[in-house]
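A quick write-up on the structure given underneath.
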Amino acid sequence: MLQQTPVTRVIPHLEAWLDRWPTPPVMAAASTADVVRQWANLGYPRRALWLHRAAVEVTARHGGVVPRDVDALLALSGIGDYTARAVAVFAYGDRHPVVDTNTRRVLARAVEGRAQPSPPSRRDLTLMESLLPADDVDAAAFNAGAMELGATVCTARSPRCEICPLAGTCAWLAAGRPDTGDARRRQATYEGSDRQARGAVLRLLRDATPAPVPLDTVLPDWPDAQQRDRAIDSLIADGLAEADGEWISLPR
DNA sequence: CACACGTGGGT
DNA sequence: TACCCAAGTGT
C-alpha cells in the first residue's frame with residue numbers, strides 16, 4: 001500500500017484490510033473482486049491484484065508465512081527492490097540496504113550535494129550498502145532513520161535544515177543549498193489521460209450493484225470513446241475486470 | 001532505461 | 001489555480 005502512496009492515506013486502509021484478512025492464507029481465500037473492492041480508492045489497483053497474488057504465492061510456496069530471504073521475497077508478485085528489503089530488514093531484522101524515495105533524496109543532498117536525486121537506479125542500493133553500519137540492529141535503524149529524515153526534515157519542498165541532525169556534514173547545505181537542477185522525469189498529465197479513464201471505469205465496476213453491468217452502460221458519455229474502450233480492454237488484460245459477452249464486472 | 005500505472009492532499 | 005509529490009513495480 002505504501003508504494004507511491006502517502007503514509008497518512010494508507011493507515012486507515014491498512015487497518016481495515018488487516019481486520020478483514022489478518023494473514024496471507026486468509027487473504028488468499030478471498031475473491032479478486034472482494035480484494036479490489038476493499039482496495040477502494042487507494043490508487044494503482046494493480047497493487048491489490050499483486051498483493052492478493054502474493055498471498056496466494058506465500059500460501060502455496062511458503063506455508064502461509066512471508067519469507068525472510070530477499071530473493072524469495074523478490075519472487076513474489078508486486079514485491080520489488082524496496083519492499084523485499086523493507087520486509088527483510090524491518091520485519092525480520094536482517095541487514096540490507098532499504099532505499100525509498102526519501103532515502104534517495106537524503107543521499108542526494110547529504111552525500112552528493114545535489115538538491116534532487118537522480119532517477120532511481122540500482123546504484124542507490126550500492127551507495128546505501130556502503131554507508132550501512134555493520135551491526136544488524138544499527139543497520140535497520142540507519143535505514144529507518146534515512147527514510148524518516150527524508151519524510152520529516154529533508155523534505156522535497158521545504159527542507160528544514162535548521163533542525164537537521166546532518167547539518168554539520170551535509171554536502172548540499174555546505175555548498176549553500178544550490179539549485180542543481182532536477183533530472184527526474186516529469187509526471188505525466190493526469191487530466192484527460194488513459195489512467196484517468198481506467199480509474200473512472202474501475203470506480204464504476206467497484207460500485208456496480210448488482211454486477212455485472214452491460215458494457216454499453218460503462219461511461220457512455222466519456223469524452224473519448226476510443227480511450228474508454230482502451231481503458232476497458234487494458235483493465236481486462238490486467239485482470240482487473242472480466243467481460244462475458246456484452247457484460248462486464250470485477251473478476252469473479 | 002523509459003514509460004505506464006491512481007488518487008488526493010499540500011503549496 | 002495549477003502544479004508538485006507520494007515507504008515503487010513490471011514491462
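All chains are named by letter (A, B, ...) in the order of the sequence lines, taking the proteins before the strands, and each is independently numbered beginning at 1. Keep in mind it's a predicted model, so treat the numbers as computed, not measured.
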Salt bridge check, A:R95 against A:D136: does any charged N sit closer than 4.0 Å to a carboxylate O? no
Expected list for residues 196-205 of chain A near DNA chain B, using heavy atoms below 4.0 Å, is A:R198, A:G199, A:R203
A:D100 CG to C:dA7 P, in whole Å, measures 7 Å
Atom CZ of A:R122 and atom P of B:dC1 are separated, to the nearest Å, by 10 Å
Against the side chain of A:R47, the closest entry in B:dG6, C:dA7, C:dT9 is B:dG6
query: When you compare B:dG6 with C:dC3, how far apart are their P atoms, in angstrom units rounded to a whole number?
result: 22 Å
Would you call A:W17 and A:V35 a side-chain contact if the rule is heavy atoms closer than 4.5 Å? yes
Exercise for review: Answer yes or no: does a side-chain N or O of A:Q187 lie under 4.0 Å from OP1 or OP2 of C:dC4?
Suggested key: no
(request) Tell me what A:R105 touches on the nucleic acid: a base, only sugar-phosphate, or nothing, going by heavy atoms under 4.0 Å. (result) sugar-phosphate
Whole-Å distance, A:R186 CZ to C:dC5 P, equals 8 Å
Scanning both residues in full, the closest heavy-atom pair of A:T103 with A:M128 reads CG2-SD, 3.9 Å
Separation of B:dG8 atom P from A:M1 atom CE, nearest Å, is 15 Å
Quiz item: Are any of A:N41's side-chain N or O atoms less than 4.0 Å away from OP1 or OP2 of B:dG6?
Solution: no
ring centroid sep under 5.5 Å plus plane angle under 30, A:Y44 with B:dG6: yes
Review point. For A:P120, which contact category applies under a 4.0 Å heavy-atom criterion: base, sugar-phosphate, or nothing?
Key: nothing
Short side-chain N/O contact to C:dA7 OP1/OP2 from A:T5, under 4.0 Å: no
- Between A:D94 and A:R85, is there a side-chain N and carboxylate O pair less than 4.0 Å apart? no
Taken to the nearest whole Å, CZ/A:R46 to C1'/C:dG10 is 7 Å
| task | Compare side-chain N and O positions of A:R185 against OP1 and OP2 of B:dC3 and report whether any pair is under 4.0 Å apart. | result | yes
- Query: Counting only distance, no hydrogens or angles, is the base of B:dT7 paired donor-acceptor with the side chain of A:R9 under 3.5 Å?
  - Reply: yes
### Message
If we ignore hydrogens and angles and just use 3.5 Å, is the side chain of A:E129 paired with the main-chain N or O of A:L125 as donor and acceptor?
### Response
no
With the side chain defined as heavy atoms from C-beta on, A:T101 is closest, among C:dG8, B:dG6, B:dT7, to C:dG8
Closest to the 5' end of DNA chain C, once A:G78 and A:V7 are matched to their nearest nucleotides, is A:V7
- Item | Sugar-phosphate, base or nothing in reach of A:A86, heavy atoms under 4.0 Å | nothing
A:L240 CG to C:dG10 C1', in whole Å, measures 14 Å
Rounded to whole Å, CG of A:L149 lies from C1' of C:dA7 at a distance of 15 Å
Check: Taking atom P in both C:dA7 and B:dA2, what distance in whole Å separates the two?
Finding: 23 Å
note: A:E191, atom CD; C:dC4, atom P; distance rounded to Å ~ 15 Å
When we call it a touch if two heavy atoms are under 4.0 Å apart, what does A:S121 touch: a base, just sugar-phosphate, or nothing?
nothing
Heavy-atom nearest pair, A:T32 first then A:G239, reads CG2-O, 4.2 Å
Winner on side-chain proximity to A:W50, out of C:dT9, B:dG6, C:dA7, is C:dT9
In terms of heavy-atom contacts, A:W172 and A:G113 come closest through CD1-O, 3.4 Å
Between A:L76 and A:P6, whichever has its closest DNA chain C nucleotide further toward 5' is A:P6
message: What contact category does A:G43 fall into here, base, sugar-phosphate, or nothing, at under 4.0 angstrom with non-hydrogen atoms?
response: base
| field | Electrostatic pair A:D34:A:R37 at N-O distance under 4.0 angstrom | value | yes
Checking all strands, does A:R184 fall into the base, sugar-phosphate, or nothing category for heavy-atom contacts under 4.0 angstrom?
sugar-phosphate
Q) Contact class for A:D238 vs. all strands (heavy atom < 4.0 Å): base, sugar-phosphate, or nothing? A) nothing
request  = Taking only the side-chain nitrogens and oxygens of A:Q4, find out if one of them lies under 4.0 Å from OP1 or OP2 of C:dG8.
outcome  = yes
Looking at A:N102, does any N or O in its side chain come under 4.0 Å of the phosphate oxygens OP1/OP2 on C:dA7? yes
(request) Begin with the C-alpha distance, continue with both residues' side-chain angles, and end with the deciding distance and a verdict on side-chain hydrogen bond (donor to acceptor under 3.5 Å, both in side chains) for A:Q116 and A:R105. (result) CA-CA 6 Å; A:Q116 302 292 346; A:R105 188 172 51 252; 5.8 Å; no
